[in-house]
Amino acid sequence: MTGRSVTHSLCALWLFLSTATQAADYVGTQQCATCHEQQTKAWQGSHHDLAMRHANPGAVLGDFSDATLSFNGKENRFFKREQQYWVHIEGADGKFNDYQIKYTFGIHPLQQYMVEFDDGRVQLIPFAWDARAKSAGGQRWFHLYPQFTDHREEFFWTNTGQNWNYMCADCHSTNVKKNFDAKTNTYNTTFDEINVGCEACHGPASEHITWSQTQDKNTPLKGFDRTVVKSVSEWIKQDNVSTLQPKSINESQQTLVCAQCHSRHVQISGEDHVSNKELGQRYILSLINAALYYPDGQIYDENYVYGSFLQSKMSAKGVVCSNCHDPHSAKLIMPQEVVCLQCHESQTYNDTAHHKHPKDSAGSQCVNCHMAETTYMQIDPRRDHGWHIPRPDFAVNLGVKDTCLDCHDDKNSQWSLEQVNNWYPNSVITSERHFAPVFAAADVGMPQAADALSHVSQNKQNANIIRASALERMAAFNNTNTMIAIARGVKDPDSNIRFGAIRGAAGLELNKLWRIIAPLLDDKVLAVRAEAAYSLVRFWSQLSNEQRQQMTPALDDYIKLQEYNRDRGFAYSNLGTVYSYQGDMEKSEQMFLAGIKQEPVFAGSYINLAEVYRRQNPNGAHQKSIEVLEQGLAAVPRNAEIPYNLGLANIRAQQKTKANQYFQMAVEREPNNGQYLYVYGLSLEQTDIKSAQNMLRQAFLNSRNPEHLYALCDMQIRSKAFAARQCIEELAQYAPQQVIEQLQQRVNSQ
């Protein structure tokens, strides 16, 4: 890994000045500091400035004075050797070794440390330094991920989940080039500055410096092609509105700049998404899904702000990051308790009639009700930037986070609901059609969710990211209303909505899918047209030559995206899937095998390769599929999907006893997975009818999927169980009357 020196930067500037046609170059923060002293001073010592540093006495906070930490009965040691920092910890070989610390990551509330290997990989060690004050529980070493201690897990410190080159570099340094060489399986990752400098946000500055020296004031952008000013220059008071409104909303790329790092995404290219004015030129943004968010859009897993912010009314009104945060220090521009009152009238919102809490108490602070904190990495609290209205009714009925309990930890959500109902007995909030119940129903597969998803996706009162997320969920449903919603979604000017519509169309048959999705093969946004190609390639054998030709450029883009990420197993798996659809089974097999070699802990490669073997011999022996899945089971010991697929493979091989054992293993590893419980229950019917029915009951309780309850009723009828009639009565809440009548007739005929 290399960094550009100051001397190199000056040379680059001289070359630019002597060659009028040379493209803009990165010149380094020191070049900016000469004129922008105030901004530089604010930036120095900020989280951006200290995002990543070389491990030296000025950067390292942790105790390396031969400090020790016992974990799982084994002693880890942090020490110095001459002027270098070292750690004695367990490696991938199961043995303790000495590793030199080359870089630091972050500053507060914790600091992480990195080791560089000969192949260019830079890995984050599992132990971090708690930088908080000792009185707050800090000034100690602790294990960041105590649940990941097996070297066969993705997040073991030497594996891909803790790899800086892929996972972290793009956000912690300036102008990062990953430079992975698939042939040698090595990295030569470079950056222009080790930390987040001026040009990480403003773009390369050489043309700006030229402008400043020539004083050509007629150059509108002053050497930059990014507009990072605020979107709203004037906020005005309107009659009968208690919040200031934008006089006008101007174009700004500020949130796109911040979204590069402050979003949950997959990087797909090295293109400049800011000048293209589309995040999808460089990243695929994670939408509002069950893995990352609660059904009401509150944060669950880390999403790094942007996905939450896009849900908010603030985003829709033209608020950008710098309306609240100083862009150089990243601190709030004013005290927390008044930052919201810039737009929200104090007499309305900073009043007990609104917040119902004593003045100056924690409950009177806007952020504590509307920006709930969730703690990640054990000690790092992050606020939700969706500015949600507290809904204890959703907490009770949908299991979402109850903001009230952050302070009232001795209460429960039923108490919260009673309090809110007493305070606001006639609130219009609870009568509004919210997307949360719809997303919750869709996430457990309830058929009734289809029409509701269609409504959410087409309701322009919802934020675009919510509409996109509703479309994405339609992949599990297929009716006339969802198809209409998808057909409209692909024409929307918002690229996230178009992307969500493509994913939501996964259940359509070819003719309908082609008619709706094919126009997006020429979409201006890389992520959209590549996803369009992938959605259609599964029908490759049914496409005409003309259709294949039309699709090929976008499919080539999709393939390039995977090649960009060939340091990860998922990229090989995606390539293998494409070649499988195209009928090139030999090349498909090669890709899956290469993916297993590249990232042995990625379960998808084993599962997809087993499917290739099954398709090659659908009516014959299934031993080859079983063998590769057993290989995967040994390589990824905690994964539940592999034993589930092993159960299915053994069912096809007429090995029911083994199948039951693998289904049981899948359930033990993911006890809340309704699908695993459902299939395991069905497989037990012939050997343990009581356990079979218990599994189906638990499957329904976890998933709320009516099909699981139907299976239970059906099984009880076959076994002439007394509980069958009660089961049918329960099913009547979810199933059509015709289905209920058929089941009742079967019971009555016994």
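In this chain, residues are counted from 1 in sequence order.
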Give me the one residue out of L508, N511, I502 that meets side-chain contact (heavy atoms from CB on, under 4.5 Å) with I516.
L508

Hey, would you say the F663 and Y678 ring centroids sit under 6.0 Å apart?
no

R638/E668 ion pair, N-O < 4.0 Å
no

Option passing side-chain hydrogen bond (donor to acceptor under 3.5 Å, both in side chains) with S703 (candidates Q698, H708, Q675):
H708

Testing the 3.5 Å rule here: is there a donor-acceptor pair between the side chains of T657 and Q661?
no

Sorted by chain and number, sequence neighbours left out, side chain to side chain contact (heavy atoms under 4.5 Å, CB included) with Q590 holds for E586, K587

Indicate every side-chain donor-acceptor pair of residues 475-482 with a distance under 3.5 Å to a residue at least two apart or in another chain.
unit_1: N478; atom_1: ND2; unit_2: G507; atom_2: O; d: 3.3
unit_1: N479; atom_1: OD1; unit_2: N481; atom_2: N; d: 3.0
unit_1: N479; atom_1: OD1; unit_2: T482; atom_2: N; d: 2.8
unit_1: N479; atom_1: OD1; unit_2: T482; atom_2: OG1; d: 3.3
unit_1: N479; atom_1: ND2; unit_2: D451; atom_2: OD1; d: 2.9
unit_1: N481; atom_1: ND2; unit_2: D451; atom_2: OD1; d: 3.0
unit_1: T482; atom_1: OG1; unit_2: N479; atom_2: N; d: 2.9
unit_1: T482; atom_1: OG1; unit_2: N479; atom_2: O; d: 2.9

Taking the ring of Y293 and the ring of Y300, is the distance between their centroids below 6.0 Å?
no

I'd like to know if R568 and E154 make a salt bridge, using a cut-off of under 4.0 Å between side-chain N and carboxylate O.
yes

What's the separation between atom CD1 in I626 and atom CD in Q655, rounded to the nearest 0.5 Å?
7.0 Å

Closest approach of C404 and S416, non-hydrogen atoms and distance?
CB-OG, 3.5 Å

Ring-face cation of R152 near F156 (centre distance under 6.0 Å, axis angle within 45°):
no

Carboxylate-amine/guanidinium proximity below 4.0 Å for D714 and R746
yes

Is it the case that the side chains of Q123 and N163 hold a donor-acceptor pair, with the cut-off being a distance below 3.5 Å and no angle test?
yes

Could you tell me whether R382 and D380 make a salt bridge, using a distance below 4.0 angstrom between a side-chain N and a carboxylate O?
yes

Quick one about D393 and T430 (side-chain donor to acceptor, distance below 3.5 Å, no hydrogens or angles considered), yes or no?
no

Lys/Arg-Asp/Glu bridge criterion (N-O < 4.0 Å) met for E627, K624
no

For the rings on H434 and F394, is their centre-to-centre separation under 6.0 Å?
yes

Does either side chain, that of Q298 or that of D296, offer a donor lying less than 3.5 Å from an acceptor on the other one?
yes

Strictly below 4.0 Å, N to O, side chains only: are E302 and R264 in salt-bridge contact?
no

Taking K95 first and then D93, would you say they form a salt bridge - that is, a charged N and a carboxylate O separated by under 4.0 Å?
no

Distance from Q733 atom CD to I740 atom CD1, nearest 0.5 Å?
9.5 Å

